[in-house]
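Inspection log for the structure reproduced underneath, given as structure tokens.
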Amino acid sequence: MNAWQERFAAREMTPSRAVEAVRSGERVFVGSGCAQPCALVAALSERGPQLRDVELVHLLTFGPAQYTAEELQPSFRHNAWFIGGNVRKAVNEGRADYTPIFLSEIPELMISGQRRVDVAMVVLSPPDRHGFCSMGIHVDVQAAAIESARTVVAEVNPRMPRTLGDTLVHVDRIDAWTHSDAPLLEMEISEPDETAIRIGGHVARLIPNEACLQLGIGNIPNAILRYLSDKRDLGIHTEMFADGLIPLLENGNITNRKKKILPRKTVASFCMGSRRLYDFVDDNPSISFHPSDFVNDPRIISQNDQVVAVNSALQVDLTGQVASDSVGYRFYSGIGGQVDFIRGAAMSRGGKPIIAIPSTAKNGTVSRIVASLSEGSGVVTSRGDVHYVVTEFGVAYLHGKTIRERALALINIAHPNFREELLATMRERQYVGQDEPILKQRLDRYPHNLVHWKDFKGKRLQVRPLQASDERTLQEFFYSHRPETVYNRYFNVKTTMGHREAAELCAINYETRMALGAFEPRGRGERLLAVARYNYNPRTNFAETAVVVHEDFRRFGLATYLLQKLEEHAKERGIQGFESEILPNNRGMRELHRRLGHDVSYSEEDQVYKVRVRFQPPASERPPHRMSGSSTPALDKPA
């Protein structure tokens, strides 16, 4: 037997004997997540009557938290750095504390002595032939606790994976240990519901090839991973390594080749999930576990290119403030690594910080997009840090946007049942003028089913109905045109498109007025390349149409496609046909309509070409149309 083996063997003891290292008035660190030392926690709790004023600190844990029992209040007080379900009741009843802090900064709390740890209780793998144990599935803040604690007490469990990276602890650092063969705690992996799947699809479209990902816990990250099977050379630099990453690693979607920090390595600080996950990371040289003050350091994160960080929230208000750790005065979870990765991704070249949330809570009765955060709710991520917010209804990009633009973008991705109420709040707070065109828009009727992506000669564009938040984008589209394009569209010399006009053109009701645009992603924004619209005339049951395509993107099939989609939408509403007028010099538009089989004739009286296409039988042969509006809308000039 080697000398270290003799020293190690001499320190083995029962759990009850091992926890005798804890004295009254001391601070005890408890191992994280699924690596909670359950036998040691139970033994310490049983010893409670012999102790007074012991503080227990830890992140989220999944095992029992007997020390929070009311009868043990004189003995123990928990201080949560991240609140889990096992301690939430105690925190909100005032029997336990909560410390809001960035995950990246917790190690320094212990190392600096600000929150000195007297005893660290952890789970480790058995030592290798050199006397080194591994912290296994949880390195996070545990590494700092082991480094700085006066006494380290360990459960040594052969079921703990031997993970690689900065995970090793020599047996000489262990003051007392007990053998355990208990199965490691596992985190239940639930199937994503329909809402999570829709959110996952929206987020996945924001993830380019060669992106470096950080994903959190829950259904939404699991749903996102399902959409990434067509991506190439993805990298991983994340707090949490989850089951959903395994197929992407096995299928070669994740290679980590393009990362700047630890290339060819999947970087994480902990993993929680199934036994399959634990077996996968065991002795896996492609996965490198490191402490939170490295993994979560925004300066480290930002050195990777195209960092896409996805985090969750409880509420987002109309200005973009994010509440994640509390609902009102009730604390729920913690700051965790959200701000670390939001800021790291924002500083990354091509990075995308994303807040992904369902639009509602409590079975659809409560909106998560709110006029104001609930009274008492803390702002975890400030409105200045927020870039993307994603719900099942789409993506809102907020960074660099005005309060009015932010509010409109967020209302557009709120649940339809709450949009009019949120819009009314905008008016009350004068985020918009009292007579703004947006106030006429039926936001609850936005046809999300028409939002899709399509390739046009190799250029992938998003096709979707216009919405109020597109006002500035439409103005930029107008000012990008040549004079002849503007003249052909508006039938006169026009040099400006002011706020009210642009707002009116975007504030459509999706029934009597409809507009479809083709949008090209541009960095973190987008630009409009083509618009096709119709205005319904109830006197004729026809709709007047207009279509404009940017000069650089003609002959891409954009006009044809948008008109076809408009026709499908109009037919569903019982509209009988389309009509429009074309100036004589607009040869391209005349040829387009003729190719589509539309009737094009010249009017000597009006000196324009008139287009008329009937795509429904005469009114006497068809059921009544399904329009909900009864008044005649103001019609745009056709082109």
Restricting to ring-ring contact (aromatic ring centres under 6.0 Å, His included), what partner residues turn up for [X], sequence neighbours left out?
| X | answer |
| --- | --- |
| F29 | none |
| F331 | Y98 |
| F62 | none |

Count the heavy atoms belonging to other residues, nucleotides or ligands that lie under 6.0 Å from [atom1] of [X], then report whether that count exceeds 12.
| X | atom1 | result |
| --- | --- | --- |
| E188 | CD | no |
| R17 | CZ | no |
| R173 | CZ | yes |

Going from CG on D325 to OG on S333, what distance comes out if it is rounded to the nearest 0.5 angstrom?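 The CG atom of D325 sits 6.0 Å away from the OG atom of S333.
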
From I199 atom CD1 to I220 atom CD1, the distance as rounded to the nearest 0.5 Å: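 The CD1 atom of I220 is 4.0 Å from CD1 of I199, to the nearest 0.5 Å.
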
[Y] and [X] side chains, donor-acceptor separation under 3.5 Å:
| X | Y | value |
| --- | --- | --- |
| E46 | S16 | no |
| S359 | R368 | no |
| D140 | S32 | yes |
| S372 | D317 | no |
| D128 | H130 | no |
| T365 | N363 | no |
| D282 | T163 | no |
| D193 | T195 | no |

Begin from the C-alpha positions of V19 and M121 and carry the test side chain to side chain contact (heavy atoms under 4.5 Å, CB included) through to its verdict. CA-CA 9 Å; V19 299; M121 302 196 313; 4.2 Å; yes

So among K259, R257, K258, which one has a side chain to side chain donor-acceptor pair (under 3.5 Å) with D233?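 With D233 as partner, side chain to side chain donor-acceptor pair (under 3.5 Å) holds for just one option, R257.
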
Is [Y] paired with [X] through a side-chain N to carboxylate O contact shorter than 4.0 Å?
| X | Y | value |
| --- | --- | --- |
| R7 | D172 | yes |
| E55 | R77 | no |
| R150 | E26 | yes |
| R276 | E250 | yes |

Over all heavy atoms of both residues, which pair between R52 and P74 is shortest? Give the atoms and the distance, please.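 Minimum heavy-atom contact is CD-O, 3.2 Å.
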
Does G63 offer a backbone N or O that forms a donor-acceptor pair with the side chain of N86 under 3.5 Å?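 Checked: pair present.
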
May I ask you to decide if S125's main-chain N or O and S134's side chain share a donor-acceptor pair within less than 3.5 Å?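 Not a single qualifying donor-acceptor pair exists.
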
Throw together a table of side-chain donor-acceptor distances under 3.5 angstrom for residues 336-347, partners on residues two or more places apart or in other chains.
from	atom 1	to	atom 2	distance (Å)
Q338	OE1	S324	OG	3.1
Q338	OE1	T381	OG1	2.6
Q338	NE2	S312	O	2.7
Q338	NE2	S324	OG	3.0
D340	OD1	S104	OG	2.8
D340	OD2	S104	N	3.0
D340	OD2	S104	OG	3.3
D340	OD2	N296	ND2	3.4
R343	NE	D385	OD1	3.3
R343	NE	D385	OD2	3.4
R343	NH2	D385	OD2	3.1

Residues in side chain to side chain contact (heavy atoms under 4.5 Å, CB included) with P126, at least two apart?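 Only V156, P158 meet the side chain to side chain contact (heavy atoms under 4.5 Å, CB included) criterion with P126.
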
Checking R226 now: which residues fulfil side chain to side chain donor-acceptor pair (under 3.5 Å) with it, not counting sequence neighbours?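 Expected list: E191.
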
